[in-house]
Amino acid sequence: MELPPPLPRAFHARSAIDLAPALIGTLLLHDVDGMILAGTIVETEAYLGPADRASHARAGRTRRTGPMFGPPGHAYVYRLYGMHWAFNVVAHTEDEEAGAVLVRAVLPVAGIEEQRRRRGRPTDRAERLAAGPARLCQALGISGEDGGRDLVAGPPLWIAAGTATGALLQGPRVNVAYAGDPWAALPLRFGLAGSPSLSRGFPGAASPASRRTTGGPDE
DNA sequence: TGATTGATGTACT
DNA sequence: GTACATCAATCAC
């Protein structure tokens, strides 16, 4: 398998609001000891700078959130609930202080058996192996060691153009009620309509957004 | 120095 | 539908 080249820095150098939908349909790849674990991104959420009460950047720049304030196209990986990892792509404009896109779900496309093994759920359907932010980190072998990694530099961890197309779903972000109005209700979550790999449904997003994802003629 | 809190997933009723 | 595992970062004194 020919490894697809990473998308350039310019792809990531925009507001998380813009990158989140653009990432739907692209490929997330991880080279682990020569084994490629990869999936098509089907669900993302945008987190903005300090003004966003749902964003980790709300407390300003700290040790944990440092990468969110750094150059776009890098990984921001953090521990969640003391036991899970979550993977973000740093994204913001020159004018924005910070921002990142949480990748919530991928459809596994390479190294599926290894992903199943890493999940420890040998009977799970491939479509559900990485249907959730913590699940995808476990399936693709992403952990704290990957925090700060440059996703534009190619292996071991990078993002490449994908071929998936389809309508986009848009809705409120998941589990951010603590942020209060208006942040908890803003439609900053994006998903590939009809994908079997979404982490959960899209309440309040009945009609697909009129947009296409990147790429060609394939599903 | 101590207390609270999650950008979740799994098991169970 | 509910309970709960588990801990670094952050917040309250």
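Letters go in sequence order (proteins before strands), and every chain restarts at 1.
Taking CZ from A/R125 and CZ from A/R116, the interatomic distance works out to 10.5 Å, rounded to the nearest 0.5 Å. In this structure, the separation between CZ on A/R121 and CG on A/L129 is 9.5 Å, given to the nearest 0.5 Å. Summarising the geometry, atom CD1 belonging to A/I112 is positioned 8.0 Å from atom CD belonging to A/E127; distances are rounded to the nearest 0.5 Å. Rounded to the nearest 0.5 angstrom, A/Y76 OH and A/H56 NE2 are separated by 5.0 Å.
For A/R189 and B/dT8, the CZ to P distance is 10 Å, given to the nearest whole Å. Following rounding to the nearest Å, A/L186 (CG) and B/dA7 (C1') show an atom-to-atom distance of 15 Å. With rounding to whole Å, A/R79 atom CZ is found 15 Å from B/dT8 atom P. The interatomic distance linking A/E43 (CD) with B/dT8 (C1') rounds to 13 Å, in whole Å. Rounded to an integer number of Å, the gap from OH of A/Y178 to C1' of B/dT8 is 12 Å. As rounded to whole Å, 6 Å separates atom C1' of B/dG6 from atom CG of A/L80. Atom NE2 of A/H84 is separated from atom C1' of C/dC7 by 12 Å (rounded to the nearest Å). Atom C1' of nucleotide C/dC11 and atom CZ of A/R58 are separated by 11 Å, given to the nearest angstrom.
Close to B/dT5, at under 4.0 Å from its OP1 or OP2, lies no side-chain N or O of A/R64. At the phosphate of B/dT8, neither OP1 nor OP2 sits under 4.0 Å from any side-chain N or O atom of A/R200. The shortest distance between the side-chain N/O atoms of A/Y81 and the OP1/OP2 oxygens of C/dC4 is not below 4.0 Å. Proximity of A/H56 to the phosphate of C/dA9: no side-chain N or O atom is located under 4.0 Å from OP1 or OP2. Applying the 4.0 Å criterion to OP1 and OP2 of B/dA7, one finds that A/N175 has every side-chain N and O outside that range. Taking side-chain N and O atoms only, A/R121 has a distance below 4.0 Å to OP1 or OP2 of B/dA11. Phosphate contact (OP1/OP2 of B/dT10, side-chain N/O of A/R135, threshold under 4.0 Å): present.
At least one side-chain heavy atom of A/I142 sits less than 4.5 Å from a side-chain heavy atom of A/L28.
For A/Y47 and B/dA7, the ring-to-base geometry satisfies the stacking test (centroid distance below 5.5 Å, interplanar angle below 30°).
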Bracket notation of DNA chain B in which parentheses pair within the strand, [ ] cross earlier pairs, and | pairs with another strand (Watson-Crick or G-U, under 3.5 Å): ||||||.|||||.
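The residue A/A86 sits apart from the nucleic acid: no heavy atom pair falls under 4.0 Å. Note on A/R128: nothing from the nucleic acid sits closer than 4.0 angstrom, heavy atoms only. Using a 4.0 Å heavy-atom cutoff across all strands shown, A/L102 reaches at least one base atom of the nucleic acid.
Applying the 3.5 Å distance criterion, the base of C/dA8 shares no donor-acceptor pair with the side chain of A/Y78.
C/dA8 and B/dT10 have their C1' atoms separated by 22 Å, with the value rounded to a whole Å. Distance noted for atom P between B/dC12 and C/dT6: 15 Å (whole Å).
Annotation: cation-pi pair A/R200/A/F202 absent, no NZ/CZ under 6.0 Å from the ring centroid and within 45° of its normal.
The side chain of A/T62 sits closest to C/dT10 out of B/dG9, B/dA7, C/dT10. When distances are taken from the side chain of A/R119 to each of B/dT10, B/dG9, B/dA7, the shortest belongs to B/dT10. Distances from the side chain of A/M83 to the nucleotides B/dG9, B/dA7, C/dT6 place C/dT6 closest.
Ion pairing of A/R117 with A/E113 is absent here, as no side-chain N (NZ or NE/NH1/NH2) approaches a carboxylate O to less than 4.0 Å. Using a 4.0 Å cut-off between a side-chain N of Lys or Arg and a carboxylate O of Asp or Glu, A/R135 and A/D124 do not qualify as a salt bridge.
Scanning all heavy atoms of the two residues, the minimum distance from A/Y178 to A/A54 falls at OH-O, 3.1 Å.
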